[in-house]
There are 2 protein chains.
Amino acid sequence: MNSNQQLLKGSLSVIILKLLEEQERMYGYEITQKVKALTAGQMAITEGALYPALHKLEAEGLLTTETQVVEGRARKYYSLTKDGHTEAVSRISELGIMLENLQRLLTLKPAI
Amino acid sequence: MNSNQQLLKGSLSVIILKLLEEQERMYGYEITQKVKALTAGQMAITEGALYPALHKLEAEGLLTTETQVVEGRARKYYSLTKDGHTEAVSRISELGIMLENLQRLLTLKPAI
DNA sequence: TCAACATACCTACAAGTCTTAGGTATACAG
DNA sequence: CTGTATACCTAAGACTTGTAGGTATGTTGA
């Protein structure tokens, strides 16, 4: 089970919020590709995790959607609401602190 | 729910393995205190998560235990087995990569 | 032509981890 | 003698994610 593509709990929704902070509108498939590209294929968001996460963020009022047909295929674009932006800033900062702490723990030197 | 003390899924067992890499023998309560100290109180391992995690690592053969009474109280010391050491090295490296990827994603600059 | 692959969405179920909320017991300080 | 720190533990539930499916269109190459 522990392929190195596994995500860390709680990070997915923050990643989504972060990507939407940097790019006004994104659709699901685009998000999976972007993450793959940005991590040189080392991280992969599964669709079974992504779509429910998107729907949850939408239900929480953090995202709005707009469906559009492009090249014969339907795309559902997501963007941040005002609340979404606020939450994004807050959650990104929290996760940042968490990552710093984890990195500090992992780079400990033995206290002889 | 989202107190900033939340852990990231999968990180707890790696933290345990890492601490035991740096310190031969540790007991549960000691681990909770060490993590609190090393992160300036920003991260707290709950006992409800820690003890099951320790038991699981032991069941997997990565840790061995030795109980000892100190100052009237029983302490259960955990240390790495040979397999535990191997797994520790591997999991620490994997989590490191994951943290790097997450940090890269979180520190993205907008691509105008 | 038609098979395979990329694009694009979705859900149900299971697996797994963590939090919450308890429990027991000893030592020590006020 | 009450509260706090130390020290262990478990059960139940919440929550997130992975697995494994499903549908459908467009493109590419054999």
Side-chain angles (χ1 to χ4, degrees), chain A residues 1-17 25-37 41 43-60 62-63 65-78 91 94-95 98 101-102, chain B residues 1-17 25-37 41 43-60 63 65-78 91 95 98 101-102:
Chain A
M1 199 216 51
N2 249 340
S3 85
N4 59 344
Q5 302 201 319
Q6 294 262 121
L7 285 180
L8 291 176
K9 178 182 170 186
S11 60
L12 177 55
S13 65
V14 185
I15 291 172
I16 294 171
L17 293 173
R25 268 157 46 107
M26 292 187 87
Y27 55 99
Y29 188 75
E30 188 182 10
I31 293 177
T32 66
Q33 300 308 303
K34 185 111 184 182
V35 168
K36 221 182 279 180
M43 250 170 72
I45 293 184
T46 60
E47 298 190 338
L50 176 65
Y51 290 112
L54 285 171
H55 300 160
K56 196 189 174 200
L57 290 171
E58 188 185 2
E60 287 169 352
L62 306 183
L63 303 182
T65 63
E66 200 183 337
T67 301
Q68 197 175 328
V69 175
V70 180
E71 288 163 19
R73 292 191 211 86
R75 284 184 187 168
K76 200 161 156 188
Y77 282 96
Y78 289 86
R91 291 202 203 175
E94 260 181 44
L95 183 54
M98 178 65 52
N101 282 323
L102 279 175
Chain B
M1 199 215 47
N2 251 338
S3 85
N4 60 343
Q5 301 199 319
Q6 294 261 119
L7 286 179
L8 289 177
K9 179 179 169 185
S11 61
L12 177 54
S13 64
V14 186
I15 290 172
I16 294 171
L17 293 173
R25 269 157 46 104
M26 292 187 87
Y27 55 98
Y29 188 74
E30 188 182 9
I31 293 177
T32 65
Q33 299 309 302
K34 185 110 184 181
V35 168
K36 222 182 277 180
M43 250 171 72
I45 293 183
T46 60
E47 298 190 339
L50 177 65
Y51 289 113
L54 285 170
H55 300 161
K56 195 188 177 202
L57 290 171
E58 188 186 0
E60 288 169 351
L63 303 182
T65 63
E66 200 183 337
T67 301
Q68 196 174 329
V69 175
V70 179
E71 289 165 19
R73 292 192 212 85
R75 282 185 188 167
K76 200 162 158 187
Y77 282 96
Y78 289 87
R91 291 202 204 175
L95 182 55
M98 178 65 53
N101 282 323
L102 279 174

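Just so it is clear, the structure is predicted and the values come from calculations on it, not from any experiment. To find a chain, count down the sequence lines: A is the first, B the second, and so on, and within it residues start at 1.
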Quick one: [X] [atom1] to [N] [atom2], roughly how many Å, whole number?
{"X": "B:Q33", "N": "D:dC8", "atom1": "CD", "atom2": "P", "result": "10 Å"}
{"X": "B:I31", "N": "D:dC8", "atom1": "CD1", "atom2": "C1'", "result": "13 Å"}
{"X": "A:Y51", "N": "D:dT23", "atom1": "OH", "atom2": "P", "result": "17 Å"}
{"X": "A:L50", "N": "C:dC10", "atom1": "CG", "atom2": "C1'", "result": "11 Å"}
{"X": "B:R25", "N": "D:dA7", "atom1": "CZ", "atom2": "P", "result": "13 Å"}
{"X": "B:L54", "N": "C:dC18", "atom1": "CG", "atom2": "C1'", "result": "14 Å"}
{"X": "B:E60", "N": "C:dG16", "atom1": "CD", "atom2": "P", "result": "10 Å"}
{"X": "B:E58", "N": "D:dC8", "atom1": "CD", "atom2": "C1'", "result": "14 Å"}

Inset, instruction - For B:G72, report the nucleic acid contact type (base, sugar-phosphate, nothing); a contact means any heavy atom under 4.0 Å. - result: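 Answer is sugar-phosphate: B:G72 comes under 4.0 Å of backbone atoms only.
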
Exercise. Scan A:G28 against the nucleic acid and name what it touches under 4.0 Å (heavy atoms): base, sugar-phosphate only, or nothing.
Key: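 Sugar-phosphate, no base atom in range.
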
Judged by each residue's nearest nucleotide on DNA chain D, which is more toward the 5′ side, B:E47 or A:R73?
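The answer here is B:E47.
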
Could you pick out which residue, A:P52 or A:E71, lies toward the 5' side of DNA chain D when each is mapped onto its nearest nucleotide?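 Final value for this comparison: A:P52.
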
| Under 4.0 Å between a side-chain N/O of A:T46 and OP1 or OP2 of D:dG18, yes or no? |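 Answer yes for this pair, as a side-chain N or O of A:T46 is under 4.0 Å from OP1 or OP2.
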
Practice task
Report the C-alpha separation of A:R75 and A:E30 in whole Å, then their side-chain angles, then the decisive distance to 0.1 Å, and conclude whether the salt bridge (charged side-chain N to carboxylate O under 4.0 Å, His left out) test is met.
Solution key: CA-CA 10 Å; A:R75 284 184 187 168; A:E30 188 182 10; over 6 Å; no

Next on the checklist: Which is more 5' along DNA chain C, the nucleotide nearest A:R75 or the one nearest B:G10? Just name the residue.
Outcome noted: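 The residue mapped nearer the 5' terminus is A:R75.
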
### Query
Should B:N101 and A:V35 be marked as a side chain to side chain contact (heavy atoms under 4.5 Å, CB included) after you check the CA-CA gap, both sets of side-chain angles, and the distance that decides it?
CA-CA 9 Å; B:N101 282 323; A:V35 168; over 6 Å; no

Problem set entry | With sequence neighbours excluded, residues passing side chain to side chain contact (heavy atoms under 4.5 Å, CB included) with B:E60 |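 With neighbours one apart ignored, the set is B:K56, B:L57, B:L62, B:R91.
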
When you get a sec, tell me which of D:dC9, D:dT17, D:dG18 is the closest nucleotide to the side chain of A:S11?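 Among the listed nucleotides, the one closest to the side chain of A:S11 is D:dT17.
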
